[in-house]
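Quick notes on the structure that follows.
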Protein chains: 2
Amino acid sequence: MTTAGSESRSAQQEDPCRTREVLDIVGDKWSLLVVRNLSQGPRRFTELKRAIDGISQRMLTVTLRSLERDGILTRTVRNVMPPHVSYELTPMGKTLRQATAPLLEWSTIHLAHIDAARATYDARPDTSPA
Amino acid sequence: MTTAGSESRSAQQEDPCRTREVLDIVGDKWSLLVVRNLSQGPRRFTELKRAIDGISQRMLTVTLRSLERDGILTRTVRNVMPPHVSYELTPMGKTLRQATAPLLEWSTIHLAHIDAARATYDARPDTSPA
DNA sequence: TGCCCCGGTTCCCTGGAGGTAACTATGACC
DNA sequence: GGTCATAGTTACCTCCAGGGAACCGGGGCA
């Protein structure tokens, strides 16, 4: 189960850096988008490039290489012309996808609230306590 | 429910940027550490600074302000001397904590595997296809 | 009288994440 | 023989997240 009960109050002492390491893996600008796009099956380079709005060729390559190196996805080259390279989540990549789902769902639910909170915060003049 | 079944294959079309926005909120270097440290109750500035290894005064302030602005935590100043400022997760902050739990748990489980994958990747000479 | 503590603020600086654009190989197509 | 598509690579540049260190204000306290 992925219910959030398995970590006791000693968790913060035990692995203070794990939080950081997972961000090193998927905390960059494009990784989660790529993982998300691969969650429905293999995709080719150009498919991903078209699906992920705004990503440059270079950053897609960099991101894919990084995820491949981490064992999140596999890169399969078919030696035909024009080149056919397809990317697919590994089993671990799929579990990552599952693990990020609650966070994405959270964002869907709370982003509007966050916008409101920001507006409230920016509107108040309490910045300088007399 | 926080089960990961509510997103269909149309999810990537619907909210392609949500993924990015949630990272804008907690994807930085220290936010998740702060949230994690506040999950067991209110903490004072110096307590957090001591608990989060390596964070500078400036970055703790910046991170706390950002999370406060986003409605993730509250900042409570008691006007005594020496100053007493305590930070506490809002209800939304607690739901965020819950939403990140699976990802942190995932990292705990898979980080060793990732290290292995990296070693394998770095060891292979397939980088230059002749 | 001067130093310490708490919770910051301000200034300066650096590294690296990420963007842009040009270049590549190869076969197919016309 | 020129152009297109695929899947990149390379060089160059910019910007800002984050780090370091100094400074602040006021009560306690020795």
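Chain naming here is simple, since letters A, B, ... match the order of the sequence lines and numbering starts at 1 in each. The figures that follow rest on heavy atoms only: side chains count, while hydrogens, waters and symmetry mates do not.
Here the C1' atom of nucleotide dG19(D) and the CG atom of Asp53(B) are 15 Å apart, to the nearest Å. Look at CZ on Arg78(B): it is 18 Å from P on dG27(D), rounded to the nearest Å. Distance Lys49(B) NZ to dG19(D) P: 11 Å, rounded to the nearest Å. In this structure, Leu60(B) atom CG and dG20(D) atom P are separated by 14 Å, rounded to whole Å. The NE2 atom of His84(B) sits 18 Å away from the P atom of dG27(D) (whole-angstrom rounding). As a whole-Å value, the separation of Lys29(A) NZ from dC15(D) P is 14 Å. The distance from atom CZ of Arg43(B) to atom C1' of dC6(C) is 17 Å, rounded to the nearest whole Å. For the pair Asn79(B) CG and dG25(D) P, the interatomic distance rounds to 16 Å; values are reported in whole Å.
Contact check for Val34(B) versus Leu73(B): side-chain heavy atoms found under the 4.5 Å cut-off.
A side-chain N or O of Tyr87(A) and one of Arg75(A) form a donor-acceptor pair less than 3.5 Å apart.
The side chain of Met59(A) lies closest to dG18(C), out of dG18(C), dG8(C), dT6(D). Nearest to the side chain of Trp30(A), among dG8(C), dG18(C), dA7(D), sits dG18(C). Among the nucleotides dG18(D), dG8(D), dC6(C), the one closest to the side chain of Asp28(B) is dG18(D). The side chain of Val85(A) lies closest to dA7(D), out of dC6(C), dG7(C), dA7(D). For Gln57(B), taking side-chain heavy atoms from C-beta onward, the closest of the listed nucleotides dT9(C), dA7(D), dG18(C) is dT9(C). The side chain of Arg44(B) approaches dG7(C) more closely than any other nucleotide in the set dT6(D), dG19(C), dG7(C). The side chain of Pro82(A) sits closest to dA5(D) out of dG19(D), dA5(D), dA7(D).
Of the residues near DNA chain D, Met81(A) and Arg65(A), the one whose nearest nucleotide (by heavy atom distance) lies more toward the 5' end is Met81(A). Nearer the 5' end of DNA chain C, as judged by each residue's closest nucleotide, is the contact made by Arg75(B), out of Arg75(B) and Ile55(A).
Residue contacts shown for Thr46(B) are limited to sugar-phosphate atoms, with no base heavy atom under 4.0 Å away.
Within a 6.0 Å sphere centred on CG of Asp122(A), other residues, nucleotides and ligands contribute more than 12 heavy atoms.
For Arg58(A) and dG8(D), a side-chain-to-base donor-acceptor distance below 3.5 Å is absent, hydrogens and geometry of angles not being considered.
The backbone N or O of Pro102(B) lies less than 3.5 Å from no partner atom in the side chain of Glu105(B), so there is not a single donor-acceptor pair.
Cation-pi check for Arg97(A) over Trp106(B) is not met; the charged atom does not lie both under 6.0 angstrom from the ring centroid and within 45 degrees of its normal.
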